[in-house]
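Keep in mind the model is a prediction, meaning the values are calculated, not measured. Worth knowing before you read on, the calculation uses all heavy atoms, side chains too, and leaves out hydrogens, waters and symmetry mates. To find a chain, count down the sequence lines: A is the first, B the second, and so on, and within it residues start at 1.
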2 protein chains.
Amino acid sequence: MNSISEKTIGRLSLYRRILGELAQKQTQHIYSHELAAMAGATAAQVRRDLMPVGYSGSPTKGYGVRDLMDSISKFMDAPCGQSVALVGLGNLGRAILTYFAGRRPNLTITVTFDNDRSRVGKAFHGCRCYHTEELQKVIAQNNIRMAIIAVPADHAQSVADNLINCGIYGLLNFAPISLRVPGHVYVEYIDITTSMEKAAYFTRRAIERAKSGKSA
Amino acid sequence: MNSISEKTIGRLSLYRRILGELAQKQTQHIYSHELAAMAGATAAQVRRDLMPVGYSGSPTKGYGVRDLMDSISKFMDAPCGQSVALVGLGNLGRAILTYFAGRRPNLTITVTFDNDRSRVGKAFHGCRCYHTEELQKVIAQNNIRMAIIAVPADHAQSVADNLINCGIYGLLNFAPISLRVPGHVYVEYIDITTSMEKAAYFTRRAIERAKSGKSA
DNA sequence: CAAGCATTGTGAACTGCGTAACGACATTAA
DNA sequence: TTAATGTCGTTACGCAGTTCACAATGCTTG
Ligand SMILES: NC(=O)c1ccc[n+]([C@@H]2O[C@H](COP(=O)([O-])OP(=O)(O)OC[C@H]3O[C@@H](n4cnc5c(N)ncnc54)[C@H](O)[C@@H]3O)[C@@H](O)[C@H]2O)c1
Ligand SMILES: NC(=O)c1ccc[n+]([C@@H]2O[C@H](COP(=O)([O-])OP(=O)(O)OC[C@H]3O[C@@H](n4cnc5c(N)ncnc54)[C@H](O)[C@@H]3O)[C@@H](O)[C@H]2O)c1
């Protein structure tokens with residue numbers, strides 16, 4: 001199986017974003033060690049990650065910024081754009097919608113759902129909000145295969161079940177629970193609470209280290 | 001050095017949250033395989049993660065829910081509470097502040113900063129917003145050692161520099177860039193854009209697998 | 001009371017990821 | 001032309017993290 005690791009895909013996403021900024025600054029070429037420094041990685045890792053992409057740089061010029069960016073896009077993106085549904089238009093859901101509105105042409109939040117009738121019907125950022133009852137119909141009509149879950153934790157599992165039942169194959173879950181899904185469904189987790197507690201723990205460790213280092 | 005891995009700390013945070021819910025339901029005891037199922041892990045991994053915590057379960061009753069939760073808290077949390085600063089009160093920053101307000105007594109966002117004067121001075125959720133100019137003073141006064149960065153990407157590095165200059169040892173960074181920080185500072189990254197693209201990629205892969213599996 | 005049983009804690013084996021190392025190659029300079 | 005330089009692509013290695021496997025433990029039951 002020539003399967004690409006999740007870590008590599010994550011870094012490719014980051015490399016592409018950096019290349020995009022470089023392209024805006026009219027930078028033509030870049031070496032692996034330069035890209036690595038900007039991405040917080042090593043030169044060897046960058047070269048390794050780029051292997052499956054199939055783009056080759058020149059030993060003297062490095063990588064062509066524009067070409068590499070396009071190659072990564074060709075490798076990662078859907079050929080014809082991808083529509084995403086967002087479920088839960090609370091504080092976090094609205095922040096996400098606002099952020100992604102009009103940003104990526106190839107990966108767009110096209111519909112949103114909530115079960116709060118006061119939100120239903122309104123359009124945020126040109127994106128209509130439907131009631132959760134209409135999940136099945138709207139997802140089928142728009143041929144959506146991926147969804148973002150931004151509902152409270154105690155509703156997340158049932159929302160996921162519904163989505164999968166409607167033919168969803170991939171989820172980005174912000175609710176702080178582990179979802180039980182069938183084997184064919186991919187789930188990406190963002191657990192802000194856990195990240196917060198991790199950061200708090202390692203912050204304390206960093207302080208301890210600094211103190212003991214000072215005294216030593 | 002008997003250093004604990006980041007992965008383990010992340011899962012301990014999740015275990016504790018699950019235990020909290022179990023405690024509310026008056027569940028007294030739980031086995032490693034039950035906790036593993038709820039956390040999306042394996043029984044062996046749960047037991048391994050619990051080793052550094054130092055709490056021992058009984059081979060017949062399993063782990064005491066309340067006791068294990070307390071042991072994890074004693075292991076992970078600061079003995080006397082921890083204050084966190086939030087920089088950037090945009091859409092994401094406000095969502096985070098709203099979510100954490102009054103939720104965790106031991107880990108609290110106590111001050112916020114923005115450079116938009118229209119936000120400064122107001123209090124969101126009983127938490128005053130200061131102008132970034134006052135960073136040094138306010139952080140010193142409140143003895144803050146950790147901060148959340150929720151400003152646009154092109155300001156994130158300079159904000160981080162300022163924070164570190166004020167004595168911050170740990171960061172939770174939502175800006176989609178890699179921060180350059182001195183070795184004594186810990187950084188935890190949440191890159192929503194990358195997670196989104198990862199999910200999109202593996203969603204497509206899941207669809208392909210399902211199709212080829214169907215035809216095979 | 002002893003045998004049986006399910007679970008715990010942990011050493012040992014395994015897996016996968018990141019790093020190091022090295023041959024290949026294009027350019028530059030002598 | 002030829003030697004020197006610096007980077008690329010790829011293979012090989014080492015380590016961290018996960019899973020396996022089993023002795024130790026203490027309840028249950030006949
Ligand atoms: N905001 C944060 O910083 C933060 C931090 C950690 C975790 N989270 C998690 O992210 C998720 C969303 O957080 P939030 O702050 O936006 O919460 P929120 O309460 O502001 O929003 C939740 C939204 O989901 C809607 N909803 C509830 N049940 C629903 C259902 N069954 N179907 C459709 N919509 C439903 C509600 O009407 C509401 O609009 C939660 O699971 C939360 O635990 C958020
Ligand atoms: N909202 C999302 O879903 C999302 C997704 C991906 C990435 N992000 C990242 O999260 C960060 C915040 O996103 P957002 O949607 O809240 O953006 P936003 O534009 O809504 O908020 C940014 C806030 O930061 C403040 N700010 C700007 N420069 C500042 C400075 N130098 N010092 C202090 N405050 C400053 C602004 O006044 C504003 O209030 C950004 O880096 C963004 O790239 C957000």
Nearest-angstrom distance from the residue atom NE2 of A:His33 to P of D:dG6 | 11 Å

Short side-chain donor-acceptor distance under 3.5 Å, A:Gln45 and A:Asp49 = no

Look at the aromatic rings of A:Phe202 and B:Tyr186 and report parallel, tilted or perpendicular, splitting at 30° and 60°.
-> parallel

Is there a donor-acceptor contact under 3.5 Å linking the side chains of A:Arg104 and B:Thr193?
-> no

Shortest non-hydrogen pair, A:Val185 vs A:Ile168, comes out as CG2-O, 4.0 Å

Rounded distance (nearest 0.5 Å) linking atom CG of A:Leu172 with atom CD1 of A:Ile96 = 7.0 Å

With sequence neighbours excluded, residues passing side chain to side chain contact (heavy atoms under 4.5 Å, CB included) with A:Ala200 = B:Gln82, B:Leu107, B:Met146

Got A:Ile30 and A:Ile18 here, is their nearest side-chain heavy-atom distance under 4.5 Å?
-> no

Bounds of contact between DNA chain C and chain B, in 5' to 3' order, using a heavy-atom cut-off under 4.0 Å = C:dT7 to C:dA12

What string of B, S and - do you get for nucleotides 11-18 of chain D 5' to 3' if you count protein non-hydrogen atoms under 4.0 Å?
-> BB----SB

If the sugar-phosphate is the primed atoms plus P, OP1 and OP2 and the base is the rest, what is the B/S/- string for nucleotides 23-30 of chain D, using protein heavy atoms under 4.0 Å?
-> --BBS---

So do the side chains of B:Arg205 and B:Arg209 get within less than 4.5 Å of each other, counting heavy atoms only?
-> no

Per the under-4.0 Å heavy-atom filter, residues of residues 180-194 of chain B near DNA chain C come out as none

Under a 4.5 Å cut-off applied to non-hydrogen side-chain atoms, are A:Leu12 and A:Leu50 in contact?
-> yes

Mark yes or no for whether B:Tyr31, through its side chain, and B:Thr60, through its backbone, hold a donor-acceptor pair below 3.5 Å.
-> yes

Is there side-chain contact between B:Asn115 and B:Val151, with heavy atoms separated by less than 4.5 Å?
-> no

In a table with atom names and distances, give each donor-acceptor pair under 3.5 Å that connects a side chain of residues 66-75 of chain B to protein atoms at least two apart or in another chain.
unit_1  : atom_1 : unit_2  : atom_2 : d
B:Ser71 : OG     : B:Asp67 : O      : 3.0
B:Ser73 : OG     : B:Arg16 : NH1    : 3.0
B:Ser73 : OG     : B:Met69 : O      : 3.1

